[in-house]
Amino acid sequence: MEVVIVAGPSAAGALIADQIEHLVRSKPNAAIGLATGSSPLEIYRSLIERYRTGRLSFAQSSMYMLDEYVGLPEGHDQSYRAFLHTELLNHLDVPSERLFGPNVHADDPRVACAEYEARLAASPIDLQILGVGSDGHIGFNEPTSSLSSRTRVKTLTRQTRQDNARFFDSIDDVPHHVITQGIGTILDAGHVVLIACGTGKASAVVRLVEGPLTAMFPASALQLHPHATVVVDEAAAGMLQLAEYYRDVYANRPAWQKLPDLTDNQANNGLQ
Ligand code: F6R
């Protein structure tokens, strides 16, 4: 696992936006997995800025949802589909029909889950953005989720509903159920990139990076992935035992591990 420690949230967002820019330049029809919540917002701001300045185009890319609430009316402003449109897609040139997600309004959610799995199997995600919940969930794989789980309906813990109540009038309005990519599904992405900032994430970060691999802390499953990057700010890195080592590894990474310089000149080559 690659752990990158940066000064603050905007540097974390910019660093991951660099990775996405590099991906989309080398593969314009890339499949990008999107998370919701507060953590990825700086990434999305940075991507929007790159698109606005004519540096990057997503016209051929496809976006894939990590999870979605079950039980909200279609078009509800707290649905994750609405969130992703508001925070990202409305500001980019990716066609809106190329945001794919599970059909949470299907009569039989199990069929919707199987269909989403089939879609992901046909177009594997190149880069999956993740945040981490205070109980270690990734997507909405709550503690004790099988580390090889696939897309399915999950019941949220009281803690997660409490954490997300800030987006609703009250906790009673937060749905109990979601459809989420499974941990096994997430691990199928070519590259998984988790962002975590602020002291509130420090204990989750140390458990996911340095703790034991356990279904009690689903994010620890990233330890199994051959290409996982965890980008944290100083505050979220506060409990890492090997922080100095991670800094040293990153500062001394070999040239072939560095992203090529993304100059304006390259930006205008063939992407717009
Ligand atoms: C969001 C998601 C969740 C969040 C996690 C952290 O699509 O799947 O796993 O990433 O709950 O949320 P924030 O970033 O709001 O702290």
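Any value given below was found using the heavy atoms of this structure, including those in side chains, with hydrogens, waters and symmetry copies removed. Predicted model only: the values in this text are computed from it and were never measured. Ligands are counted one by one from 1 in listed order, and the atoms in each one are counted from 1 as well.
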Quiz prompt | Pair Tyr69-Phe168, ring pair (Phe, Tyr, Trp, His ring centres under 6.0 Å): steps then yes or no | solution = CA-CA 13 Å; Tyr69 288 120; Phe168 292 82; 5.8 Å; yes
Self-check item: Check: Lys201 side chain, Ser134 main-chain N or O, donor-acceptor pair, under 3.5 Å
Solution: no
Quiz item: Among all protein non-hydrogen atoms, which one is nearest to atom 12 (O) of ligand 1, and what is the separation to 0.1 Å?
Solution: Lys201 NZ, 4.2 Å
Quiz item: Looking at Val153, Thr155, Leu66, Leu156, which one forms a side chain to side chain contact (heavy atoms under 4.5 Å, CB included) with Val178?
Solution: Leu156
Practice problem: Considering heavy atoms of the protein only, find what lies nearest to atom 3 (C) of ligand 1 and give residue, atom and distance to 0.1 Å. | Solution: Gly139 O, 3.6 Å
Quiz item: Which pair of heavy atoms, one from Met65 and one from Arg81, lies closest together, and at what distance?
Solution: CE-N, 3.5 Å
Quiz item: Which atoms of ligand 1 sit under 4.0 Å from any heavy atom of Arg166?
Solution: 15 (O)
Exercise. Check whether any N or O atom of Tyr80, backbone or side chain, sits under 3.5 Å from an N or O atom of ligand 1, and answer yes or no.
Key: no
Quiz item: What is the nearest protein non-hydrogen atom to atom 8 (O) of ligand 1, stated with its residue, atom name and distance?
Solution: Asp67 OD2, 2.4 Å
Quiz item: Looking only at protein heavy atoms, which one is nearest to atom 11 (O) of ligand 1, and how far off is it?
Solution: His137 NE2, 2.7 Å
Exercise. Could you list which atoms of ligand 1 come closer than 4.0 Å to a heavy atom of Gly37?
Key: 14 (O), 15 (O)
Self-check item: Contact atoms of ligand 1, heavy-atom distance to Leu66 under 4.0 Å
Solution: 8 (O)
Quiz item: With sequence neighbours excluded, what pairs up with Arg247 under the salt bridge (Lys or Arg N to Asp or Glu O under 4.0 Å) test?
Solution: Glu234, Glu244
Quiz prompt | atom 10 (O) of ligand 1: the protein heavy-atom neighbour that sits closest, reported with distance to 0.1 Å | solution = Gly131 CA, 3.4 Å
Self-check item: Protein contact to atom 1 (C) of ligand 1 [nearest heavy atom, distance to 0.1 Å]
Solution: Thr36 OG1, 3.1 Å
Quiz item: Rounded to the nearest 0.5 Å, what separation is found between the CG atom of Leu224 and the CD1 atom of Ile186?
Solution: 12.5 Å
Quiz item: Centres of the Tyr51 and Phe58 rings: under 6.0 Å?
Solution: no
Quiz item: For atom 6 (C) of ligand 1, what is the nearest protein heavy atom, given as residue, atom name and distance?
Solution: Val132 O, 3.4 Å
Quiz item: Is the NZ or CZ atom of Arg253 positioned over Tyr250's six-membered ring, under 6.0 angstrom from the centre and within 45° of the axis?
Solution: yes
Self-check item: atom 14 (O) of ligand 1: the protein heavy-atom neighbour that sits closest, reported with distance to 0.1 Å
Solution: Ser39 OG, 2.5 Å
